[in-house]
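Quick note: numbers below take in every heavy atom, side chains included, and nothing from hydrogens, waters or symmetry partners. Each chain gets a letter, A, B and so on, in the order the sequences are listed, and its residues count up from 1.
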Amino acid sequence: MSQWDDDAKNGLIERNYNGREYSVGEILRERGVSRRDFLKFCSAMTAAMALPATFAPTVAQALDEVKRPPLVWLEFQDCAGDTEALLRSANPTVAEIVLDILSVDYHETIMAAAGHQAEAALEKTITDYKGKYICVVEGAIPMKDGGVYGCVGGKSHLDRARQVCGGALATIAVGTCAAFGGIPAAVPNPTGSVGVREAVPGATVINLPGCPVNADNLTATVVHYLVFGKIPALDGHGRPLFAYGKRIHDNCERRPHFDAGQYVEHWGDDGHRKGFCLYRMGCKGPATFHNCPTQRYNDKTSWPVGSGHGCAGCSEPAFWDTMGPLYKRLPNVPGFGIEHTADEIGIGLAAGVAAAFAVHGALNALRKDKEPSDETREG
Amino acid sequence: MSGQCKFKNYIWELPLRWCHWINVMCIVVLSVTGFFIGTPFSFGRSASDFTIGWIRFIHFTAAYLFAVSVISRVLWSFIGNKYAGWKEFFPLATDKGRQKFIGMLRYYLLIDKDVPETVGHNPLATTAYIGLFCIYSIMILTGFALYAEHAPGSPMYRVFGFMYAMFSNQGMRLTHHFCMWLIVGFVINHIYSAWLMDIKEHGSEISSMFCGYKFTVKKED
């Protein structure tokens, strides 16, 4: 208790208003969020967690009572795009609620403190709340040459990740870089970047890949923890099934055009204007698991396929190397120059075989072979 | 048939012939539908059509049929007669087989003029069939792995999921697509060779795949 008072006085952490922890519901009421808005938010979160609507009151009740977990947000090799996605939610109420539920004690981009003060806040949180705080990681972690390719406050990203993620209740890796290494880990991966799971093998990591992460999925993951007291069910890549359990292709609003056989064949053609399927234009929706079609971005305004561009497969491991080329269905055949597709080589191969046997046939037709007979028969 | 071919041998049993022609049908259907799945044309006139839906349905049904046929043929190589047996596919493992193989190779390369007579499989062909069998296996494994891709928790994904450790997503699609062209190349070779040997051997090579009988100069020893 007295420890928290000191912290509040020193301005090191800005929670604990009266030395008492407030529940999420109390904080929201204090901030002037109406009951109606709160219930709307709970319904949206229930939907994001892929729970039936009847769960909304349970979510509301749990959030009313639950205490905010302290949270630290670390940035490594990143573009701060996930922070942007979180802060730039179109609806300010939702963004506020997100920040209120997460008691953000350390966030390099948005915190007021700087320098040693900021580092002290981080140290404080991870020491005082060891095993109880949530760590959010944004960005990949360079491993090569002892992790010298990235450091904050004189500490390498690798050391920082091991220290902070290792002591966290759970680590949420937001964005593809933190989850799988993403763009920094793309071939040739000069800094030896990896995702959090690989850099800190012992930590409990929830991956929320995407470029950027969908802020609703991050909030829903935290809400899931607050409501059920445990991390959500994960798939083989450590991604919550509620957000990454279905393929883009299977929930896509353009799917009927795929089955019907109506495709965009050139950018800006008639089919493109009519909103036909982007499969022919290299959409990677059939290989990508994410809830973009239902959750969408920017407060459900739109998403890539919705605005006429194929899916890039950004929420899959190593997407930069394995989902290419962006605008074609198949990659070119390796070792055959730059612009040789499998079909060109295949037709060439078939034509070559046909030509070779045509010549063979012609030569055979011209010569007089000895038919099999009792004399010539082998064996 | 040549007057010299006096022996009628029952070579290809009924299950083997069924496997062969089911494979032929499946390869044609799978190649055509597969090509349209890889490069779909806008067949649909309205959004309530189901053209690619049907093409994919036919592809998947034919894929199951093909897989069953290939597996049946492998099983038959342990059940069927000696001409269908698995030993036929490794002529290079025995001295006699190697001798026959070289004789056939010399004939194919237009070095020898003596048409070698084979009662069952041509040793050169069976060696190629081992390669073909590998391509079939790749096609079946990549195909079912891609088919299972939409449901990572499914039993089928558990069976074929290991393929995703060996191939990248796009690499698997490329492999599946490219092996189709290898099979097309094989089919050209296969039809030509069957035709050639039918003409040269006078043993009714082609019709044997319908009726099962081949005619030879000497009785098989």
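Aromatic ring centroids of B:Tyr10 and B:Tyr213 lie under 6.0 Å apart. Proximity of the aromatic rings of B:Phe66 and B:Phe60 is defined here by a centroid distance below 6.0 angstrom, and this criterion is not met. Taking the six-membered ring wherever Trp is involved, the centroid distance between the rings of A:His257 and A:Tyr263 does not fall below 6.0 Å. Aromatic ring centres of B:Phe210 and B:Trp21: separated by under 6.0 Å.
Neither the backbone nor the side chain of B:Phe36 has a heavy atom closer than 4.5 Å to any heavy atom of chain A. Contacts between A:Arg255 and chain B at a heavy-atom distance below 4.5 Å involve the side chain alone, from C-beta outward. For A:Asp321, no part lies near chain B; criterion is any non-hydrogen pair under 4.5 Å. A:Arg329 touches chain B through backbone and side chain together, each having a heavy atom under 4.5 Å away. Interface remark: B:Phe35 contributes side-chain atoms only to the contact with chain A (heavy atom separation under 4.5 Å). If you measure heavy-atom distances from B:Leu110 to chain A, the contacts under 4.5 Å come from both the backbone and the side chain. Contacts between B:Arg45 and chain A at a heavy-atom distance below 4.5 Å involve the backbone alone (N, CA, C, O). Looking at B:Phe50, both its backbone and its side chain come within 4.5 Å of chain A, counting heavy atoms on both sides. Residue contact with chain B, scored on non-hydrogen atoms closer than 4.5 Å, involves the side chain of A:Phe289 exclusively. Proximity to chain A is absent for every atom of B:Ile55, based on heavy atoms less than 4.5 angstrom apart. Both the backbone and the side chain of A:Gln262 come within less than 4.5 Å of a heavy atom of chain B. With a 4.5 Å cut-off on non-hydrogen atoms, B:His177 touches chain A through its side chain but not through its backbone. With a threshold of 4.5 angstrom between heavy atoms, A:Lys246 does not approach chain B through any atom at all. Both the backbone and the side chain of A:His360 come within less than 4.5 Å of a heavy atom of chain B. For chain A, the nearby parts of B:Ile37 are the backbone and the side chain; heavy atoms of each come within less than 4.5 Å. In this structure, no portion of A:Pro317 lies under 4.5 Å from any heavy atom of chain B. For A:Phe319, no part lies near chain B; criterion is any non-hydrogen pair under 4.5 Å.
For the residue pair A:Asn251/A:Asn291, the side-chain donor-acceptor check at 3.5 Å is not satisfied. A side-chain donor-acceptor contact under 3.5 Å links B:Glu201 and B:Thr118.
Taken to the nearest 0.5 Å, the OG1 atom of B:Thr126 stands 14.0 Å off from the CZ atom of B:Phe133. One finds the CD1 atom of B:Ile111 at 11.0 Å from the CD1 atom of B:Ile102 (value rounded to the nearest 0.5 Å). Here the straight-line distance linking atom CE of B:Met172 with atom CD of B:Glu149 works out to 7.0 Å at 0.5 Å rounding. Taken from CZ in B:Phe178 to CD1 in B:Ile138, the straight-line distance is 11.5 Å, to the nearest 0.5 Å. Distance CG/B:Asp49 to OG/B:Ser42: 11.5 Å, rounded to 0.5 Å.
Per-residue counts of heavy-atom pairs under 4.5 Å with chain B were compared for A:Leu241, A:Asp235, A:Leu330; the largest is that of A:Leu330. In terms of heavy-atom pairs under 4.5 angstrom with chain A, the leader among B:Trp195, B:Trp54, B:Phe43, B:Phe41 is B:Phe41. In terms of non-hydrogen atom pairs under 4.5 Å with chain B, the most contact-rich of A:Val353, A:Leu349, A:Asn364 is A:Asn364. Ranked by heavy-atom pairs shorter than 4.5 Å toward chain B, the options A:Asp250, A:Ile345, A:Ile347 are led by A:Ile347. Highest contact tally toward chain A, considering only B:Gly161, B:Gly171, B:Ala47, B:Gly103, is held by B:Ala47 [criterion: heavy-atom pairs under 4.5 Å]. Considering only heavy-atom pairs separated by less than 4.5 Å from chain B, the leading option among A:Ala358, A:Ala287, A:Ala356 is A:Ala287. The residue among B:Gly53, B:Ser48, B:Pro40, B:Gly38 with the most heavy atom pairs within less than 4.5 Å of chain A is B:Pro40. The greatest number of non-hydrogen atom pairs below 4.5 Å with chain A, out of B:Asn169, B:Asn189, B:Leu146, B:Leu196, is found for B:Asn189.
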Full working for side chain to side chain donor-acceptor pair (under 3.5 Å) between B:Ser204 and B:Asp198: CA-CA 5 Å; B:Ser204 74; B:Asp198 190 276; 5.7 Å; no

Test log, rule side chain to side chain donor-acceptor pair (under 3.5 Å), inputs A:His309 and A:Tyr327: CA-CA 9 Å; A:His309 187 284; A:Tyr327 299 119; 2.8 Å; yes

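Checking each of B:Phe89, B:Tyr83, B:Phe101 against B:His121 for a ring-ring contact (aromatic ring centres under 6.0 Å, His included) leaves exactly one that passes, namely B:Phe89.
Salt bridge absent: A:Asp269 and A:Arg273 never bring a charged side-chain N and a carboxylate O closer than 4.0 Å.
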